[in-house]
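Remarks on the structure that follows.
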Amino acid sequence: MNVSDTGEFGFIDAIKLNTLSDETTVVKGIGDDCAVYRATPEYDQLITTDMMVRGIHFSEQTTAPFDVGYRLGTANISDIAAMGGIPRQAVVAVAMPVDTDLGYMSALFDGLKEVCHAYKVNLIGGDTVTTTGPLTLSVTLVGEVPKGEAVLRSGAQPGDLVVVSNTIGNSAAGLALLLAQIKGFNFCKRAHQRPEPQIKLGQWLRQQGATALNDISDGLSSELWDIAQVSQVAIIIDEARVPLHEETYKLAASLQTNPVDYALYGGEDFQLVFTAPKSLESSLQDLDGITIIGEVIEGTPSVQAITKDKTIRTLDGKGYNHFHE
Ligand code: ADP
Ligand code: MG
């Protein structure tokens with residue numbers, strides 16, 4: 001059945017069940033002119049939006065409809081993680097061709113709802129239209145953070161440590177594997193299809209006093225350049241310390257590519273990169289899934305890397321991307 005058979009209201013009926021995770025903050029969800037939600041007193045409100053277009057941000061070839069929805073949710077929730085915040089309320093706007101399969105859209109919404117439930121996000125409204133262009137989805141997400149405590153990109157100080165979570169580059173490696181239809185490597189493929197936002201870690205970092213925080217959506221190099229430019233500092237990292245998954249090393253060896261490039265120029269890992277005062281060094285070193293990769297220094301904003309053969313190179317900044325067009 002196509003969405004043209006059900007119409008806008010049939011579509012909304014099909015997706016409106018099971019949309020609330022935390023009813024205590026919702027006065028009215030789907031079904032009125034606006035949704036009504038309650039903000040927490042003494043909290044600042046965060047708002048972010050992220051859009052995905054079929055053929056540009058996802059394709060049939062590499063991503064099942066459930067995973068398209070999941071990744072759309074993650075991209076938004078990850079922005080809240082990157083402020084040290086708590087994700088709360090989402091609305092989703094959909095523009096779809098009239099011949100879109102209703103089953104495809106239901107599966108996509110199941111994926112979106114799954115990640116929303118996992119991070120206690122309520123889906124409280126949206127808009128639905130048809131288009132002569134490709135399927136396009138846009139989520140707007142509201143989050144909260146204790147007043148004045150949002151962790152910006154601008155607070156990195158010379159002397160701070162540069163730190164990342166878990167392993168980086170998995171998603172780019174996963175995409176390369178899916179496009180080349182290589183068997184196995186299920187960890188990286190899953191990291192591409194169903195990335196997890198780092199909500200708990202973001203809140204913990206805010207409480208610990210991280211000085212700058214960013215989620216890795218456009219590649220580690222680009223995110224570091226962001227921090228360097230808005231904080232007006234230079235950053236130096238040691239490439240050998242960038243944590244990669246063993247599957248990424250294996251893939252790079254078989255394709256004769258430089259494994260660290262998947263982390264530096266890949267993107268959509270939705271891991272966190274942050275700076276923190278040196279006084280936190282010992283508590284950070286004790287944590288699983290946290291790796292210190294470099295240091296903030298004084299200087300003209302730039303990102304340098306110590307390479308494997310101990311030379312120093314300046315990393316490519318924003319807009320340069322080895323893995324996407
Ligand atoms: P209005 O005409 O007042 O904009 P709509 O008929 O567009 O209302 O939508 C009816 C209800 O369904 C509203 O609560 C709206 O938020 C919700 N809704 C519409 N499209 C979506 C969607 N894609 N996802 C979630 N909720 C939606
Ligand atoms: Mg409407």
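Since the model is a prediction, treat every value here as computed from it, not as a measurement. Reckoned from all heavy atoms, side chains included, excluding hydrogens, waters and symmetry mates. All ligand and atom numbering here is 1-based and tracks the order in the structure.
Counting heavy atoms under 4.0 Å from ligand 1, residue Ile12 touches it through the side chain alone. At a heavy-atom distance under 4.0 Å, no atom of Leu123 approaches ligand 1. The proximity of Val92 to ligand 1, defined as any non-hydrogen pair under 4.0 Å, involves the side chain as well as the backbone.
Every atom of ligand 1 with a heavy atom of Thr128 under 4.0 Å away is listed here by number and element: 19 (C), 20 (N), 21 (C), 22 (C), 23 (N). Less than 4.0 angstrom separates some heavy atom of Val94 from each of these atoms of ligand 1: 23 (N). Atoms of ligand 1 found under 4.0 Å from any heavy atom of Asp33, numbered from 1 in the order shown, are 3 (O). The distance from ligand 1 to the heavy atoms of Glu8 drops below 4.0 Å at these ligand atoms: 5 (P), 6 (O), 7 (O). Close contacts between ligand 1 and Gly31 involve ligand atoms 11 (C), 13 (C), 14 (O) [criterion: under 4.0 Å to a heavy atom].
Counting only distance, with no hydrogens or angles, the side chain of Asp5 and the backbone of Asn2 share a donor-acceptor pair below 3.5 Å. Judged purely by atom type and a 3.5 angstrom limit, Gln304 has no side-chain atom pairing as donor or acceptor with the backbone of Ile237. Looking at Lys113, its side chain does come within 3.5 Å of a backbone N or O of Leu17 through a donor-acceptor pair. Judged by distance alone, with hydrogens and angles left aside, the side-chain atoms of Asp238 form no donor-acceptor pair with the main-chain N or O of Gly294 at under 3.5 Å.
A donor and an acceptor atom, one from each side chain of Tyr43 and Glu149, are nowhere located under 3.5 Å apart. Thr307 and Glu239 form no side-chain donor-acceptor contact under 3.5 Å, judged by distance and modelled atom types alone.
Heavy-atom separations between Lys16 and ligand 1 are all 4.0 Å or longer.
Annotation: Ile124 places no N or O atom under 3.5 Å from an N or O atom of ligand 1; distance criterion only.
Across Ile30, Thr19, Asp32, Val91, heavy-atom proximity to atom 12 (O) of ligand 1 is greatest for Ile30.
Between Gln45 and Glu144, some side-chain heavy-atom pair lies under the 4.5 Å cut-off.
Atom CZ of Arg38 sits in a sparse spot, with 12 or fewer heavy atoms from other residues, nucleotides or ligands closer than 6.0 Å.
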